K.L.:
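Just passing along the structure, written as structure tokens.
Reckoned from all heavy atoms, side chains included, excluding hydrogens, waters and symmetry mates. Computed from a predicted structure; not experimentally measured. In what follows, chains carry the letters A, B, and so on, assigned in the order in which the sequence lines appear, proteins first and then strands, with residues in each chain numbered from 1.
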Amino acid sequence: MENPRVRYAPSPTGEPHIGNMRTALFNWLFARRYGGQFVVRVEDTDQERFEPGAQEAMLEGLKWLGIEYDEGPGVGGPYGPYLQSQRLPHYQAAAERMVDQGLAYRCYCSTERLEQMRADQAARKAFPGYDGRCRDLTGAQREELVARGEPSVIRFAMPRSGTTSVEDLIRGRVEWRNELFNDFVIMKSDGFPTYHLAVVVDDHLMNISHVLRAEEWLPSTPRHLQLYGALGYSPPRFGHLPMILGPDRDKLSKRHGATSILEYRDLGYLPEAMVNFMVLLGWSLDDKTEVMSRQTLVENFSLDRVSLGGAIFDQEKLAWMNGVYIRDLPPEDLAARVAPYLEADLEKNLPCFKPPVDQDRLLAVVPLIQERIKLLSEVWERGAFFFQEHVDYEPGATLIQKGMDGDTVMWALERTLGDLGYIPDFQHESLEQSLRKLAGDLGLSPRQFFGTLRVAVTGRNATPPLFETMEVLGRELVIRRLNDAQERLAAMQGEA
RNA sequence: GGCGCGUUCGUCUAGCGGCCUAGGACGCCGCCCUCUCAAGGCGGAGAUCAGGGGUUCAAAUCCCCUACGCGCUACCA
């Protein structure tokens, strides 16, 4: 395969959907694997559904994932413009040419008539589709319609016999009977082309060699092939990718949860993990490798390892993979990535150690939470006590571990406070050494004693290792919290 | 309704006629490690390969039928 040209052709009608991005990713990988070009073309031919900002969001999604494109909006290229709304003359010319050659025709049927026709067909349980009434209009009839200024569309005159087949790169040969397709619209009455015409004209004009798109497009391939034929173009190769499904096996959509790639970014996923996970939805390297670098992907991607069935988007596995990538990051890198999320949380949870985040503290905290978070956004919920002055908790059952009573705890806190003053460096090694000894002196098990201290120091019973946590917190804060614990306990005992 | 595509553990998948008493991963369960939580290590449960017919010495792998799922059937893409 030499210099393949592939494209990603989204329409700006909504969020950058996971499924679309996966298609973009496969196209990009294909281009990179075989040293070709990846072009982005915006299919903005639907005036009704156009959504401001959608195109920008789509490009942002690509950028976030690291899918750079060789030609397209913003970067230009030799086959521009890359917005279909700016290429109208091409579609008009192609449509007119087919009309002139009798391969397409103007249709003057009103929306009302078409609706009525469909209702009748449904009632008769007949084959639904345009009945071709305007296909056989006489010259005189046409002239009259034109004279009256009737609005019209242009329909493609589908052959009424024969078959059309495609040798799909992923599914093999698929064949359809032509008579099963109606005369579909190629130019709308607003002067814009429909998807079918625009995609064919542009893929040809932009010299696209391989069309890799979602499986939902397979049934319209014969229409496209017919258009290629009618226009005298030689068609590209087609490959139809399996779809991405929700847990109920329906096409993945909003009601299944987050579907926009940008939502995943905001939720705290890493683009590297997203790419790795998405590529596995319909492709595999071998029988065991799942975590792969982008480079490995580019070096090994191939269509013959694309699977056929739709794949359910498994959030749990994505989360696991994100954790794998988080653990793999150098701590400084993780700190930088986590900072924006943490800053937002600090802002929301004032008062605390005020944003912006103290870099030294964050750098000290990151190694402690790195293997405990699955999302970049989880630092606050896993380690808020690192960033707050006061921690809150119920002094009862949490502070008083199993097998202890209030007096024991009080005494243990007292002795700890006493010892802490003598630890010169307040490093975790010294803390551990000294406090382990103290546990023995007090006749408490490490579990009991450290459990009590953990709650007193962090307010939680599940935290990173105690001594490292204390080291990061620092002597003053730890002492303040231990004092605070004593007060809480005393207050509670007073009530009792 | 018609047409098309699909169907291997709950999920993502390996498998392209004998290596399969079907492998890996997520999730789940247990054990180990251990100051808690994670991470990690080890082990386990979990798929009669949708069902039924063929072809073959031999089928998850090839063919046919059926079932089920999904997609398409617009002046949406």
Side-chain angles (χ1 to χ4, degrees), chain A residues 9-14 43-49 107 109 111 114-115 118 121-122 124-130 151-155 168 171 174-177 180-182 184-190 192-196 198-199 214-222 240 242-243 245 247-251 277 280-291 304-305 307-321 323 327 368-374 382 401 432 435-436 439 445-455 458 460-467 469:
Chain A
S11 63
T13 53
E43 312 228 315
D44 54 345
T45 55
D46 188 343
Q47 303 279 273
E48 314 267 292
R49 295 205 308 157
C107 168
C109 293
T111 311
L114 294 175
E115 275 168 14
R118 271 189 281 272
Q121 288 165 337
R124 296 199 318 273
K125 292 192 172 181
F127 170 65
Y130 184 62
S152 67
V153 300
I154 298 178
R155 285 180 187 275
D168 191 273
R171 280 153 222 281
V174 185
E175 187 175 79
W176 296 265
R177 302 215 314 271
L180 264 14
F181 293 86
N182 54 20
F184 57 97
V185 173
I186 54 178
M187 284 295 273
K188 306 183 238 186
S189 55
D190 64 2
F192 276 69
T194 59
Y195 167 78
H196 301 300
V199 82
E215 187 187 353
E216 52 189 313
W217 295 110
L218 186 56
S220 49
T221 306
H240 292 272
M243 304 218 297
L245 281 17
D248 57 1
R249 297 218 143 265
D250 269 5
K251 198 163 154 179
F277 182 73
L280 256 18
L281 255 26
W283 181 84
S284 60
L285 176 69
D286 55 28
D287 58 344
K288 49 197 51 156
T289 316
E290 296 208 302
V291 178
D304 53 24
R305 293 201 64 85
S307 47
L308 270 12
I312 291 176
F313 190 82
D314 183 1
Q315 297 261 10
E316 294 250 40
K317 189 159 183 175
L318 204 213
W320 162 78
M321 188 166 279
R327 275 172 250 133
L368 302 187
I369 48 93
Q370 184 153 21
E371 63 188 29
R372 295 176 171 76
I373 59 172
K374 286 198 165 105
R382 300 292 302 211
Q401 297 282 307
E432 174 154 16
L435 292 173
R436 272 197 192 280
S445 70
R447 189 187 183 88
Q448 291 174 312
F449 183 46
F450 299 155
T452 290
L453 293 184
R454 165 172 291 107
V455 173
T458 67
R460 310 267 187 97
N461 44 34
T463 72
L466 217 213
F467 312 110
T469 300

K.L.:
Does any donor-acceptor pair link the side chain of A:Lys317 with the base of B:rA25 at a separation under 3.5 Å?
P.N.:
yes
K.L.:
Return the pairing partner of B:rA39 with a 3.5 Å limit on both distances, Watson-Crick or G-U wobble; otherwise return none.
P.N.:
none
K.L.:
Where the side chain of A:Val185 is concerned, which of B:rC75, B:rG24, B:rC3 is the nearest nucleotide?
P.N.:
B:rC75
K.L.:
I'd like to know if A:Arg372 reaches the base of B:rC37 with its side chain such that a donor and an acceptor end up less than 3.5 angstrom apart.
P.N.:
yes
K.L.:
With the side chain of A:Phe127 defined as its heavy atoms from C-beta on, choose the nearest nucleotide among B:rU13, B:rG1, B:rA77.
P.N.:
B:rG1
K.L.:
For a quick check, tell me whether the side chain of A:Glu215 and the base of B:rG6 share a donor-acceptor pair closer than 3.5 Å.
P.N.:
no
K.L.:
Tell me which nucleotide, if any, is Watson-Crick or G-U wobble paired with B:rG17 when both distances must be under 3.5 Å.
P.N.:
none
K.L.:
Taking the minimum atom-to-atom distance to the side chain of A:Val174, which one of B:rC5, B:rU36, B:rC70 wins?
P.N.:
B:rC5
K.L.:
Can you tell which of B:rU36, B:rA77, B:rC75 lies closest to the side chain of A:Arg454?
P.N.:
B:rU36
K.L.:
Give a yes/no on whether any side-chain N or O of A:Thr13 is located under 4.0 angstrom from OP1 or OP2 of B:rA77.
P.N.:
no
K.L.:
Taking the six-membered ring for Trp, are A:Trp320 and A:Phe277 closer than 6.0 Å centroid to centroid?
P.N.:
no
K.L.:
Need the pair for B:rA22. Rule: Watson-Crick or G-U wobble, both distances under 3.5 Å, any strand; none if unpaired.
P.N.:
none
K.L.:
Checking only heavy atoms, does the side chain of A:Ser220 share a donor-acceptor pair with the base of B:rC72 at less than 3.5 Å?
P.N.:
no
K.L.:
Without swapping roles, check the side chain of A:Arg454 against the backbone of A:Asn461 for a donor-acceptor pair under 3.5 Å.
P.N.:
no
K.L.:
Does A:Lys251 have a side-chain nitrogen or oxygen under 4.0 Å from the phosphate oxygens OP1 or OP2 of B:rG6?
P.N.:
no
K.L.:
A:Ala319: what forms a side chain to side chain contact (heavy atoms under 4.5 Å, CB included) with it, not counting sequence neighbours?
P.N.:
A:Tyr269, A:Lys374
K.L.:
Counting Watson-Crick and G-U wobble pairs only, both distances under 3.5 Å, name the nucleotide matched with B:rC68, or none.
P.N.:
B:rG6
K.L.:
Output the single nucleotide from B:rA14, B:rA74, B:rA39 whose closest atom is nearest the side chain of A:Arg118.
P.N.:
B:rA74
K.L.:
Which one, B:rG24, B:rG71, B:rC37, comes nearest to the side chain of A:Ala462?
P.N.:
B:rC37
K.L.:
Counting just side-chain N and O atoms, does A:Arg177 come under 4.0 Å of either OP1 or OP2 of B:rG4?
P.N.:
no
K.L.:
Applying a 3.5 Å limit to both distances, which nucleotide forms a Watson-Crick or G-U wobble pair with B:rU73?
P.N.:
B:rG1
K.L.:
Is any side-chain nitrogen or oxygen of A:Lys188 closer than 4.0 Å to OP1 or OP2 of B:rA74?
P.N.:
no
K.L.:
Consider the side chain of A:Ser284, meaning its heavy atoms from C-beta on, and name the nucleotide among B:rU13, B:rA77, B:rG6 that approaches it most closely.
P.N.:
B:rU13
K.L.:
So does A:Arg460 get a side-chain nitrogen or oxygen closer than 4.0 Å to the phosphate oxygens (OP1/OP2) of B:rU36?
P.N.:
no
K.L.:
Check every atom of B:rU13, B:rG15, B:rA77 against the side chain of A:Ala311 and return the nucleotide holding the closest atom.
P.N.:
B:rU13
K.L.:
Below 4.0 angstrom from OP1 or OP2 of B:rC75, is there any side-chain N or O of A:Arg155?
P.N.:
yes
K.L.:
Is it true that A:Lys317 and A:Glu290 make a salt bridge, defined as a side-chain N closer than 4.0 Å to a carboxylate O?
P.N.:
yes
K.L.:
May I ask you to evaluate whether A:Thr289 reaches the phosphate of B:rG24, defined as a side-chain N or O under 4.0 Å from OP1 or OP2?
P.N.:
no
